[in-house]
Number of protein chains: 2
Amino acid sequence: MEAFFHQYLQFSRTFTKKINEHIADLDLYQSQWSIVYYLQKNKTATLVEISNYFQVEKPTITRTVNRLEDRQLIEKVASADKRERRIQLTEKGLDVYDQASAVIDAFEKQLVEEIPKDDLEITFRTIQRLLFKINKEESV
Amino acid sequence: MEAFFHQYLQFSRTFTKKINEHIADLDLYQSQWSIVYYLQKNKTATLVEISNYFQVEKPTITRTVNRLEDRQLIEKVASADKRERRIQLTEKGLDVYDQASAVIDAFEKQLVEEIPKDDLEITFRTIQRLLFKINKEESV
DNA sequence: TGAAAATTAGTTACCTAGGTAACTATATAT
DNA sequence: ATATATAGTTACCTAGGTAACTAATTTTCA
């Protein structure tokens, strides 16, 4: 168990890299994909909502969203609160979602197909517990 | 299980962030730490050895090693092969290792202490299987 | 055997993604 | 009316990647 976290990060890097390779045709990156995915599920969102969901800091979200906007995959939605930047997928964004979704679903399915359901369940719950625990850590 | 990989990456980000916070006093980052750790275990190493071990590309290793060298935590070791850059920890590097090691060990131990050994074992083996599988993926 | 070809180690330049600190503008609370 | 909180941005740090390169070593084979 010595190398638990080492191995954990190893898979994380490799997974992200492979996802990036799989959607490179679409000129998309994993983190961009995750926002596209979120928007498809939630219709509209503010940057703070996205930031909270992924637990990624706001400046990072701002930048990635800007890239999606430059590529016209997302667009602004009117909002009562003038501070807010509420966004949604464009037609083009939805199209990219469909294409990326197919590729990524297949990739992920194939990745776990030989692993017993029970083991995946336990792994999922264990990571969930680790996440819960680490989020209770007082910030330094 | 829908959110398996989403949650996986979430913990990865948060874990790295927390490690960074814990060793910020030492002016160290997680990825720098991992190389310091490797060098303490293996005495000397070339950049390719480090790159292979972490499955991180050579340019990334070059840069991180340069930063460690700038801070005089590592130094060059003579090598027969003139292409190689073989390195080891300096006295200062060993000192930083000792300090970081204590902090990180405690942090990691506390993170897993409430999780049953069996669950950790299964999680470890499952990630190992995922890693094995993903590394068999033909490159795109 | 010795020149040419292929491989290996490392670097440079440049891309995206994570972070923090400090800021502006708007909305909310006092 | 003022103070505080919230949403987002800008500037700048480290870390991951790829592509293309140099220099040194190893392999090939005429």
One thing to verify: whether B:E69 and B:R85 come together as a salt bridge, which I'm taking to mean a side-chain N less than 4.0 angstrom from a carboxylate O.
yes
Polar contact flag, side-chain donor to acceptor under 3.5 angstrom, A:K92-A:Y97 = no
* In terms of the angle between their ring planes, are B:H6 and A:Y53 parallel, tilted or perpendicular, with boundaries placed at 30° and 60°? -> parallel
Q: May I ask you to say what B:E57 touches in the nucleic acid, namely base, sugar-phosphate or nothing, with a heavy-atom cut-off under 4.0 Å?
A: base
- Item | Sugar-phosphate, base or nothing in reach of A:T16, heavy atoms under 4.0 Å | nothing
Between A:N20 and A:D81, whichever has its closest DNA chain D nucleotide further toward 5' is A:D81
Item to complete: Using a 4.0 Å heavy-atom cut-off across all strands, classify B:K58 as base, sugar-phosphate, or nothing.
Response: base
Check your understanding: Which part of the nucleic acid does A:S51 contact within heavy-atom distance under 4.0 Å: base, sugar-phosphate only, or nothing?
Key -> nothing
Heavy-atom nearest nucleotide on DNA chain C taken for B:L47 and for A:S31; more 5' hit belongs to B:L47
Note: chain A reaches DNA chain C at heavy-atom distances under 4.0 Å over the stretch, first to last nt, 5' to 3', of C:dT16 to C:dA27
task: Establish, from distance only, whether the side-chain atoms of A:T44 and A:R86 form a donor-acceptor pair under 3.5 Å.
output: yes
- Message: I'd like to know if A:E113 and B:K133 make a salt bridge, using a cut-off of under 4.0 Å between side-chain N and carboxylate O.
- Response: yes
When B:R85 and A:P59 are each assigned the nearest nucleotide of DNA chain C, the 5'-most assignment goes to B:R85
*How would you label the contact of B:T60 with the nucleic acid (heavy atoms, under 4.0 Å): base, sugar-phosphate, or nothing?*
base
Of the candidates D:dA5, D:dG8, D:dA24, the side chain of B:K82 sits closest to D:dA24
By nearest-heavy-atom nucleotide on DNA chain D, the more 5' of A:R13 and A:T62 is A:T62
B:R83 atom CZ is separated from D:dA24 atom P, nearest whole Å, by 10 Å
> Is the B:F11 ring parallel, tilted or perpendicular to the A:Y8 ring (thresholds 30°, 60°)?
Replying inline: perpendicular
inquiry  = Using a heavy-atom cut-off of 4.0 Å across all strands, would you classify A:A80 as base, sugar-phosphate, or nothing?
reply    = sugar-phosphate
Review point. Is B:Q55 touching bases, backbone alone, or none of the nucleic acid, heavy atoms closer than 4.0 Å?
Key: sugar-phosphate
How would you label the contact of B:Q32 with the nucleic acid (heavy atoms, under 4.0 Å): base, sugar-phosphate, or nothing?
sugar-phosphate
Notebook entry, point to check: Between A:K17 and B:E57, is there a salt bridge with N-O shorter than 4.0 Å?
Noted result: yes
